[in-house]
Each structure stands twice: as C-alpha cells, then as structure tokens.
Amino acid sequence: MPIAKARANFDNSFARLPARFYQLLAPTPVAAPAPIRVNRGLALELGLDPDWLASAEGTAFLAGNSVVEGSEPLAAAYAGHQFGSFNPQLGDGRAILLGELRGTDGRRMDLQLKGAGRTHWSRGGDGRSPLGPVLREYIVSEAMAALGVPSTRALAAVSTGEPVYRERSLPGAVLARVASSHIRIGSFEFFAARKDKEALEILVRFTLERHYPSLADADNPALALLESAVRAQASLVSRWQLLGFIHGVMNTDNMLLSGETIDYGPCAFMDAFNPDTVFSSIDHGGRYAYRNQPGIAHWNLACLAQALVPLLHEDSERAVALAQAAVDTYSDQFLEAHTAGLKAKLGLQQDRPEDAALIEDLYTLMASGVTDFTLTFRRLADLASPDTAGDQDCSELYLLPPAFDPWLARWQERLAIEAVDPGARQATMYRANPIFIPRNHLVEAAITAATDQEDFAPFHALVDRLADPWTWRPEDRAFALPPGPEQRVHQTFCGT
Ligand code: AMP
Ligand code: MG
C-alpha cells in the first residue's frame, strides 16, 4: 500500500492501549475513489488542508487506498445491547480508525473511515456502505452540529466506484467520520463480559483523561466516569427531544461516553408531532420511539453502571449501591435539562408554578392537531413579538390552527409577567427554535437523486442550507416546508 506524504498530525493514544482493545489492520482499497464532498471548515479545524483532501492524493487517503504517515489504522473491539439483548462481540465491522488528530484548539479527535472494508468483526458483512447511508449521515450529523447538538462530524464523503449488494446493487461510498472518541457503553460491556477487570480499569482511565480530564485524579475514577456519563446523556437526549430528533437505534454500542450523538442509521426528525413516532424499519416494538428515548438512555446507563460495578467498590453490595445511586440521578438531570430547554423555546426565564401545565397543554394541542413540531415552535418566536419579527416572520410559510388561540392568549399573559425587552426575547427564541431541520423527504430525495441519477446537487444544496438552521429566507421555502401527504417518509433503514 502506498504511503502518502504526511499531511495530518496524528497522535494515536488508542493504538497504545493493550492489543486486546483492537485489531490493527489497514482499510481495504477500493476500485475507483472519487470525491463527493469535503467539509472544508472542519478540515481546517483539524489542521488538515481542504485542498489536499479534495485532491487525488487526499481522495485516496479518504477512501482507504493509501495510509498516510502517522496513521495506525485499527478496528476497535466492543460489545453491546441491541434492542435489549446482549451481544458480547460486535466491534468495528465496517469502520476503521485511522488515528487521532490534534485540532487547532488542541483537542484530540478520532478520524475514522466508515465503509472501509472487512475486519475481524465483520461476521457475515461486507465491511462496506452504500452511498445512501453515507449521504444521510453526512447531512444529518452536520445539521446536528449546526443545531448545537453534540455529534460526530462528517469530514468527507467519497464514492468507491464499486457496487455494494443489498436488496439490489447500490453504489458504494466511504464516510470520513470525526468524533471526540469512539468509546461506547458497549466498549465497557465488552471487557465486563470477559471479566477483564484490568482492561476496564485501563479504559476508565483512558476515557476520563480524554473527556473529563479534571476528574482523572478522582478518588473513585469509575464512579466519576459513570456520573459524567449520566450527566452527558441526560443533556444530550434532552436536546434530541427539544428538536424532535429520533435516533432510531439507541443500542448501547451506539452511545458514546463523550456524550456525542453517533450512528445516523435509521434516524429521522419528526415532522407532525406524535410522541409515538418510530421510523426504523427494524424497530417493530417501538422500543426507540420518540417518547421512549429518555427512558432508553436511562436503561443504557444502567448497562454502563453494571459493567463498571467491579471497579466501584471492593464490597460488591456497596458497589451496586453506588452504581444505582449514580444512575438514579438521571431522571432529575434529564428533567432539569429538558425543562430549561423548553422554557428557552417558549421565551420564559422565570420558574412559575403554572409553567408545567402550560407546557403540557401545548404538547397536547400539537399532538391533537398534528401540527408540525419545528414550525409550531418557530411560529411562537414570531408571535412573541410580531412588531419586531421583521424578515424572520414566517407566517407566509406556516400558521397555527385557530384551536391554538386560547393557549396563545395564556402564553402571552405568562410572557407579560416577565419584564424583558420583547425584541431581545424574540431574538433568543429564534436561536432556540430552528426553522430548518433535515426533513426526511428532503434527505430521501437527495439520496435518491444521487443513487439513481448520480445527481449530487440536491445533497449539496441540503448540506449548504442546513449549515444555518436559524435564519429564515423566503427563497428557501422548500427546505422549511413540511412534507405533503405524498412526500411523507414513514420508514427508514439501517445502513447495513
Ligand atoms: P450498526 O447497526 O451500525 O450499529 O452496526 C452493528 C454492528 O454490525 C457493528 O458491529 C457493525 O460493525 C456491524 N456491521 C454493520 N454493517 C456491517 C457491514 N456491512 N459489514 C460488516 N459489519 C457490519
Ligand atoms: Mg453502530
């Protein structure tokens, strides 16, 4: 395999862990790599030259056809609970970690190629990814980052020039994914299942140093890590709920200790509000429905706690009590984060006893009127101060049904109690209530055009538009509108 010139500043701490954490192996080269998109802003943040990434040499690197100096490619071991059942052996079956880059801000970031060929953990899989899931992850993960939600990022997408066989032959692609690490709840479960206490201790130390360095010297490092993970997940899932984001496959191997969103397989944003919404074609019981997400994160954290029990205390009863106490703080933390976010969406600063009912009644109205989740909140920002809305007013796009009027009157009365400048409040509300989300019908249309017609224009237009989800521009109407009845997407499919 050719070694390209050093263009990246790698420093691979994970590759320095013991050999049982991974399999060292290079990506499998592809027939004819071609660039699809390079995320220039992210490249610069990582100290990479975007022009080099877009060049033939950079494309070969991003496709896994050449390994650059300093990269130590590997596939990581992990386990996980999938739809509630434990699988002791998952691991990177189609993703290869090229190494860790130091960003311009000094932060260490993983660079991983998804769809880079078979590994020790591929089982029956081909180690590849069709173009569709690569584009979906690119669009949605970058939209999440723009929306301020912690997320893995998309550095680039390249096509492979090779077909991938699913129900039909599809074009293949590779996504270059960036994450602050790929340590999952399932990474701990892998070693816990093997009763490998030494590896667990190493992984706890590694994760604390990477993500919670101020806690690296904690008296009880495993407990400090568990508490940090609880906090991070409570905050993350509250953000998903506030945006109507449905992850779709909240297995413990898809929950990162960093608190970033990962795995954009069957994910989707809700259009019309319905808390029972499920998109994933394989989620038959609705386990990962919108309304269940907070509870599932709690369940997943209990799996992490279980894996860490051997490290929490030498007395096993004491250890279990510590684990339980840490996990028990989740519900309050979620509620606190979610309530704070909702109040920001509604333009409220103070805490008042009537707020809980006000919020609940809004959700009941949204559900009974099947109003669009995103645009309902956005309209509230307009209505908070119609005189100052100016060019951000989107009434030509969306109006709330008359059934909302009594609730709106109550909310206006509640707003009036707080002596704040209406224009300033409205500006804050516009920042809490995006107008553009990656609508499913647009994501599907972008994927279909690219897959069936080799037309990438809709994909690029969508990525460009979603880079600023807050600012309404009338010419971007088509990006903001909910789907018509015939455009509605009812199911999404995992990238496998
Ligand atoms: P995911 O659904 O992406 O969370 O993946 C679950 C597990 O299946 C992980 O161990 C993946 O590496 C593995 N996997 C998914 N798709 C493939 C594939 N096409 N080839 C090999 N392994 C795969
Ligand atoms: Mg996954």
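Read the numbers this way: they start at 1 and go in the same order the structure lists the ligands and their atoms.
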Heavy-atom contacts with Leu90 under 4.0 Å: which atoms of ligand 1 show up? List them by number with element. 10 (O)
When you check the side-chain N and O atoms of Ser151 and Tyr264, is any donor under 3.5 Å from an acceptor? yes
Is Asp92 touching ligand 1 with its side chain, its backbone, both, or neither, if touching means heavy atoms under 4.0 Å apart? backbone
Under 3.5 Å, is there a donor-acceptor pair linking the side chains of Asp328 and Gln324? yes
For residues Asn12 and Glu72, is any side-chain donor paired with an opposing acceptor at under 3.5 Å? yes
Tell me the contacting part of Arg118 for ligand 1: side chain, backbone, both, or neither, using a 4.0 Å heavy-atom threshold, strictly below. neither
Is it true that Asp263 and Arg177 have a side-chain N and a carboxylate O under 4.0 angstrom from each other? no
Which option out of Arg184, Arg128, Arg123 puts a heavy atom nearest to atom 7 (C) of ligand 1? Arg123
Check Arg166 with Asp126, please: is the shortest side-chain N to carboxylate O separation under 4.0 Å? yes
Please could you name the atoms of ligand 1 that Asn254 approaches to less than 4.0 Å, counting only its heavy atoms? 4 (O)
In this structure, is the centre-to-centre distance between the rings of Phe459 and Tyr138 below 6.0 Å? yes
Apex the Mg ion (ligand 2) - arms OD1 from Asn254 and OD2 from Asp263 - angle rounded to 10°: 80°
Report, in ascending order of atom number, the atoms of ligand 1 lying under 4.0 Å from any heavy atom of Asp253. 4 (O)
Classify the angle between the aromatic ring planes of Phe334 and Tyr330 as parallel (below 30°), tilted (30 to 60°) or perpendicular (above 60°). parallel
Closest to atom 10 (O) of ligand 1 among Gly91, Ala76, Ser122, Gly186 (heavy-atom distance): Gly91
Kindly determine whether Thr252 and Leu304 satisfy side chain to side chain contact (heavy atoms under 4.5 Å, CB included), including the steps that lead there. CA-CA 8 Å; Thr252 56; Leu304 176 64; over 6 Å; no
Between Phe245 and Trp240, how do the two ring planes meet: parallel, tilted or perpendicular, split at 30° and 60°? perpendicular
Per-atom contacts, ligand 1 versus Asp263 - under 4.0 Å to a heavy atom: 1 (P), 3 (O), 4 (O)
Which one of Ala75, Gly127, Gly80, Ala95 has a non-hydrogen atom at the shortest distance from atom 20 (N) of ligand 1? Gly127
Counting only heavy atoms, which portion of Arg166 has something under 4.0 Å from ligand 1: side chain, backbone, both, or neither? side chain
Atom indices of ligand 1, in the order listed, that fall short of 4.0 Å to a heavy atom of Tyr78: 9 (C), 10 (O)
Heavy atoms only, cut-off 4.0 Å: how does Val249 contact ligand 1, side chain, backbone, both, or neither? neither
Relative to the heavy atoms of Gly125, which atoms of ligand 1 are at a distance of less than 4.0 Å? 20 (N), 21 (C)
Close N or O approach (Trp121, ligand 1; < 3.5 Å): no
With a cut-off of under 6.0 Å to the ring centre and 45° to the axis, is Arg287 in cation-pi contact with Trp299? yes
